[in-house]
Number of protein chains: 4
Amino acid sequence: MEKVKHQWAAADGGRRVRRHDPERRTRILDAALDVLVTDGAAGITHRKVAARADVPLGSVTYHFASLAALQAQAFSWYVEQRTAEFEGLFTAVRTHEDLVEVLVELVQGGPSRRRSAVLGFELHLAALRDPALRALTQKWTGDSRAVLARFTGPEVADRLDALLEGLILRALLTTEPEPREATREAIVRALTPVPGRDT
Amino acid sequence: MEKVKHQWAAADGGRRVRRHDPERRTRILDAALDVLVTDGAAGITHRKVAARADVPLGSVTYHFASLAALQAQAFSWYVEQRTAEFEGLFTAVRTHEDLVEVLVELVQGGPSRRRSAVLGFELHLAALRDPALRALTQKWTGDSRAVLARFTGPEVADRLDALLEGLILRALLTTEPEPREATREAIVRALTPVPGRDT
Amino acid sequence: MEKVKHQWAAADGGRRVRRHDPERRTRILDAALDVLVTDGAAGITHRKVAARADVPLGSVTYHFASLAALQAQAFSWYVEQRTAEFEGLFTAVRTHEDLVEVLVELVQGGPSRRRSAVLGFELHLAALRDPALRALTQKWTGDSRAVLARFTGPEVADRLDALLEGLILRALLTTEPEPREATREAIVRALTPVPGRDT
Amino acid sequence: MEKVKHQWAAADGGRRVRRHDPERRTRILDAALDVLVTDGAAGITHRKVAARADVPLGSVTYHFASLAALQAQAFSWYVEQRTAEFEGLFTAVRTHEDLVEVLVELVQGGPSRRRSAVLGFELHLAALRDPALRALTQKWTGDSRAVLARFTGPEVADRLDALLEGLILRALLTTEPEPREATREAIVRALTPVPGRDT
DNA sequence: AATGAATGAGTGTTCATTCAT
DNA sequence: TATGAATGAACACTCATTCAT
């Protein structure tokens, strides 16, 4: 029954500070995403999130009406961040070769992108059964494809997007990563327009 | 609140009969897959599986040492079936055009393949956190790629497999299905060998 | 089949009131000891303890991390009480005859000491398999012997303590209680120092 | 779900032999005692006993009407063995010094007597709540005291028996065993008759 | 506004016992 | 005679949620 003391308890001589904590909501959302990465949708609980955010249990239920609502807002927050990040990747793209390079890096990103990728698939699967989340994924994939389409046109963007999804899932699951060259080749193929059909 | 009576209870005047039921293990596995489709790996419980299989709760725990073991064996059973089905799709393929047609159908398969696709992604996501399941997915994708490689060579099979995965995931999630022609085009692109590199 | 209503339920027209109940933890510990007396370490369950303490099941699991932890803390609480009681017995001892009288009373204490004796042996047996409990029994017997040693010296205290344990166990199990005189004689024998060896 | 194969299965090409096995009942009883030593009365189950005896689960329920019956018969079997063993200890006793030596050895017996001692206390505690077992313990302690009384007379036997019980319990629980000399001294004290009162 | 004690519903799992074979 | 599949009742434990403070 020993309780973990919160970080500021000691600095305050044991009396609980009720500091205004505008970051708290966001910290809880990030903690929820962390739990989703670690334990999946099956494993998220108020208690784990509270512990991860270093926040009292009541604080989680106070800020979020239900666990489902917390999860939905966490995913929403994730999409917001990832969309911005995704857009950012393409700001420096000038040439076709730049584009390929960015996409290869997106797939091969390694551990640094693992969290992001896992959350993406977690969201996809959750959206399969939750219409509210499906609206989120629809907008997300729409936005992503729009970004790609600026460089490739809509038809190519569609198939490219699907390919990237497949490549990222593979990269996540495999023990022996695919050679960078193979990834590049797959992307180049998808980028090649069909003469007279793709724009 | 009425409990569903078991199938043989009525025929026996209400007294519970224990029937010799050699198919029971398989029926439980199928029920587990049904639950996985409906509620996901996050939502599977012994009780749901038992209800679905029309079997007492104790029967599920008797036949499977743990819920994780049940899930693993259910996924294994699913992969077995799906691998056979996958192989079967290609027995009639003679020409390049046949191959494209089969792959397009695989992606566009519609509701009939929905169950299969959902289970596939559930397995992928579960494998992310369970090494035993990861071994299963490794073998599965390896087998799938080997089948494809008989027609395309290994390099093309690899990228084709990733693309198919992405296309199927997209088909599962979208509300407005992609036109058949776009799917075909994406597949054709992936199939096209790079001159002088792909076999 | 009527469920026992909790004490405050009636006073509230049937709606469950959550009462501030700072004694609850201790009441649960006492209830756990009651159950240990009645059913033994083999028979203790969360449900029995909850019923005995007149608290909901969830309250027991809320306050104690596990049944083993509950049992350990209950035993610890018991030892604390019993040690104090044991010390108290000797405050009025002035003469050797007083000492004998107190010890005889300790053994022959009758039903009033039955609860205490049963718990003592339950603890001893449980400690046989649980190192945490063994630490508790070590300290307990150490303290008891120290109290005795104030009157007898350490060597005599040791054998006296063992004898008392045996006598109490016998008193607990027998249907025909030993005559007071026999108990006294046994104690007197143990108290008699060996010339030139015991202090 | 892998089942452990029984010992004779292999030697028989996989077909189950239904050999007449008159030792089986006894083997089950010994296994039950083993489980009682290891896990206590709280931990005995049909399955553990069956595994320990290397016998199918059904065999245990077939030979014993209930778990309580199995336990009772196991304890009965234990008392039978231990009584014989106890008697045996004294056959070679000629002098007072022999007697003391045998009793000291009984207490200090070490690991070899641990099983026996644990079972004894387990039985005592079980008898506290089960009248059928209490009959058994009554007879057992009666017999033990009668054996002792042949050397000491009844009064001394009584207090000696209690002391031995206490010493054995102590020896079981302590981490640092009592010096042999202290044990001897305690026993000698109990043996010393009170002039003019003990026979 | 914020918290954590509280609790009922539900989870995975174990198991004594029954009984068809 | 012997077995192991079968099952209902119980278990320890978790947790979303509520709400007094």
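All chains are named by letter (A, B, ...) in the order of the sequence lines, taking the proteins before the strands, and each is independently numbered beginning at 1.
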### Message
Partner lookup for dA9(E), please. Criteria are Watson-Crick or G-U wobble with both distances under 3.5 angstrom; report none if nothing qualifies.
### Response
dT14(F)
### Query
What distance separates E23(A) CD from D30(A) CG, expressed to the nearest 0.5 Å?
10.0 Å
### Message
Just verifying a value: how many Å separate R24(C) CZ and D54(C) CG, rounded to the nearest 0.5 Å?
### Response
8.5 Å
### Message
In whole Å, I'd like the distance from the CZ atom of F64(B) to the P atom of dA5(F).
### Response
13 Å
### Query
Atom CG of D39(C) to atom P of dA10(F): distance rounded to whole Å?
15 Å
### Query
Closer than 4.0 Å, any side-chain N/O of R24(A) to the OP1 or OP2 of dT3(E)?
yes
### Between CD on residue Q71(C) and OG on residue S76(C), distance to nearest 0.5 Å
12.5 Å
### Message
Whether E122(C) and R115(C) form a salt bridge (side-chain N of Lys/Arg under 4.0 Å from carboxylate O of Asp/Glu) is what I want to check.
### Response
no
### Message
Only pairs with both distances under 3.5 Å count, Watson-Crick or wobble alike; so what is the partner of dA20(E) in this structure?
### Response
dT3(F)
### Audit row: R129(D), D39(C), salt bridge (Lys or Arg N to Asp or Glu O under 4.0 Å) steps and yes/no
CA-CA 8 Å; R129(D) 298 181 184 96; D39(C) 301 335; 5.7 Å; no
### Query
Just how far, in rounded Å, is C1' of dT1(F) from CZ of R25(D)?
16 Å
### Query
For nucleotides 12-17 of chain F, read 5' to 3', which letter fits each nucleotide if B means a protein heavy atom sits under 4.0 Å from the base, S means only the sugar-phosphate is that close, and - means neither?
BBBBBB
### Message
What is the separation between atom CD1 on I28(C) and atom P on dA5(E), rounded to the nearest whole Å?
### Response
12 Å
### Query
For the pair made of CD in E23(C) and P in dA5(E), what is the distance, rounded to whole Å?
16 Å
### Message
At less than 4.0 Å, is any side-chain N or O atom of S59(A) found next to OP1 or OP2 of dT3(E)? Yes or no.
### Response
yes
#### Entry: Distance (rounded to the nearest 0.5 Å) between F75(A) CZ and L136(A) CG
9.0 Å
